[in-house]
Amino acid sequence: MRIEAATAFALEDLAVFDTPHLRQVIGNVSGAVPPALVGRAFASDELREPWELAGLAERIERALAPDERAAFARARRGLVPADERASARRAVLERLFWELTYWKTPDEYERLTAGEQVHLGALDVAHVDGAVVLDAGAGSGRVTLPLARRARTVYAMDPAPPLLNLLDRKVARAGLRNVEILRGNFGHVPLPDDSVDAVIACSAFGAHEARGGRRGLDELQRVTRPGGRIVIMWPEDPGWFMRRGFAYAVLPGHITTTFPSMEEARAVAERFYGEAALRHLDATRRPELPFHVLGVKPPRDLCWLTVRK
Ligand SMILES: C[S@@+](CC[C@H](N)C(=O)[O-])C[C@H]1O[C@@H](n2cnc3c(N)ncnc32)[C@H](O)[C@@H]1O
């Protein structure tokens with residue numbers, strides 16, 4: 001990520017999250033932002049604190065579960081030197097960069113994923129043709145739309161309403177009638193037991209509890225019928241899944257990011273990819289960015305599990 005989160009977003013932007021989401025992203029579980037760190041970021045700036053920030057701090061405090069609320073309140077009301085408060089603010093914004101992107105600037109995320117294609121061979125591995133499939137952590141639908149063209153029914157689940165609204169509009173524009181949009185998260189999938197033939201999660205599910213973890217995996221297994229498959233596309237930590245019985249594969253074929261214009265490519269590179277990507281665009285004068293330039297593995301690997309009960 002090129003731009004510093006602290007320059008892309010401000011602490012006030014946390015106001016964009018609703019109560020359930022504040023409770024999801026601030027907490028003591030792995031992958032969430034510790035309440036004490038957020039408390040230090042919101043520590044009072046003597047009398048100069050803008051009232052909006054005080055109001056937001058009160059709202060966060062009310063949103064948190066009791067233990068977390070206590071840790072947040074203690075840190076917020078403690079004496080926090082200005083440099084420590086500034087570094088806590090930077091750390092909070094850095095850790096919430098993607099969540100703030102999804103909730104505050106969903107169009108920027110859509111721009112990124114419009115160019116950043118993922119390998120759809122994973123749909124074959126998931127046996128999606130004519131099936132009922134959950135796209136878990138669907139976002140704005142990078143996988144949902146191609147999936148809906150093959151599956152019987154797609155449940156597109158995500159915790160971020162701004163991305164789901166974008167997805168809803170895209171589904172309507174494409175004339176697809178077999179997509180049901182659900183607000184939910186890996187810890188609580190709003191579907192009954194054994195209700196889907198397959199689950200696909202692309203660049204969404206991970207080992208940390210806030211990104212699914214052990215509990216999220218149990219939940220994905222609960223909703224998948226026996227013999228159905230869970231497919232994790234572009235996993236960050238394939239080893240975590242393999243230790244839990246998943247197979248791992250890298251699909252063949254070349255895959256790159258391709259944007260509709262140089263202008264789009266530059267805008268995305270400036271916001272998300274960094275200097276090397278900008279230099280590559282300037283050198284090639286083509287709106288394409290190979291993943292090796294981005295320093296990211298290409299999105300064509302996957303982990304999958306056949307569910308046994
Ligand atoms: C990198 S985006 C990927 C979105 C989409 N699958 C794609 O490939 O474009 C990660 C998505 O995971 C969602 N997400 C984050 N934490 C989640 C959780 N605990 N449960 C379900 N989805 C989550 C985010 O809201 C976001 O839409």
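Read the numbers this way: they start at 1 and go in the same order the structure lists the ligands and their atoms. All figures in this text were calculated on a predicted structure; none of them were measured in a lab.
- Arg229 places no side-chain N or O within donor-acceptor distance of the main-chain N or O of Val199, the cut-off being under 3.5 Å.
- In terms of the side chain to side chain contact (heavy atoms under 4.5 Å, CB included) criterion, Ala172 has no residue partners (sequence neighbours excluded).
- Judged by the 6.0 Å and 45° rule, Arg74 forms no cation-pi pair with Phe42.
- Every residue two or more places apart in sequence or in another chain that forms a side-chain hydrogen bond (donor to acceptor under 3.5 Å, both in side chains) with Asp218 is listed here: Arg214.
- When all heavy atoms of Glu61 and Arg69 are compared, the closest pair comes out as O-NE, 3.0 Å.
- Screening residues 151-186 for ring pair (Phe, Tyr, Trp, His ring centres under 6.0 Å) gives Phe186-Phe205 as the qualifying pairs, with residues at least two apart or on separate chains.
- Ligand 1 lies under 4.0 Å from heavy atoms of Gln24, Glu99, Tyr102, Tyr109, Thr113, Gly137, Ala138, Gly139, Arg142, Asp158, Pro159, Ala160, Leu163, Asn185, Phe186, Cys202, Ser203, Ala204, Ala210.
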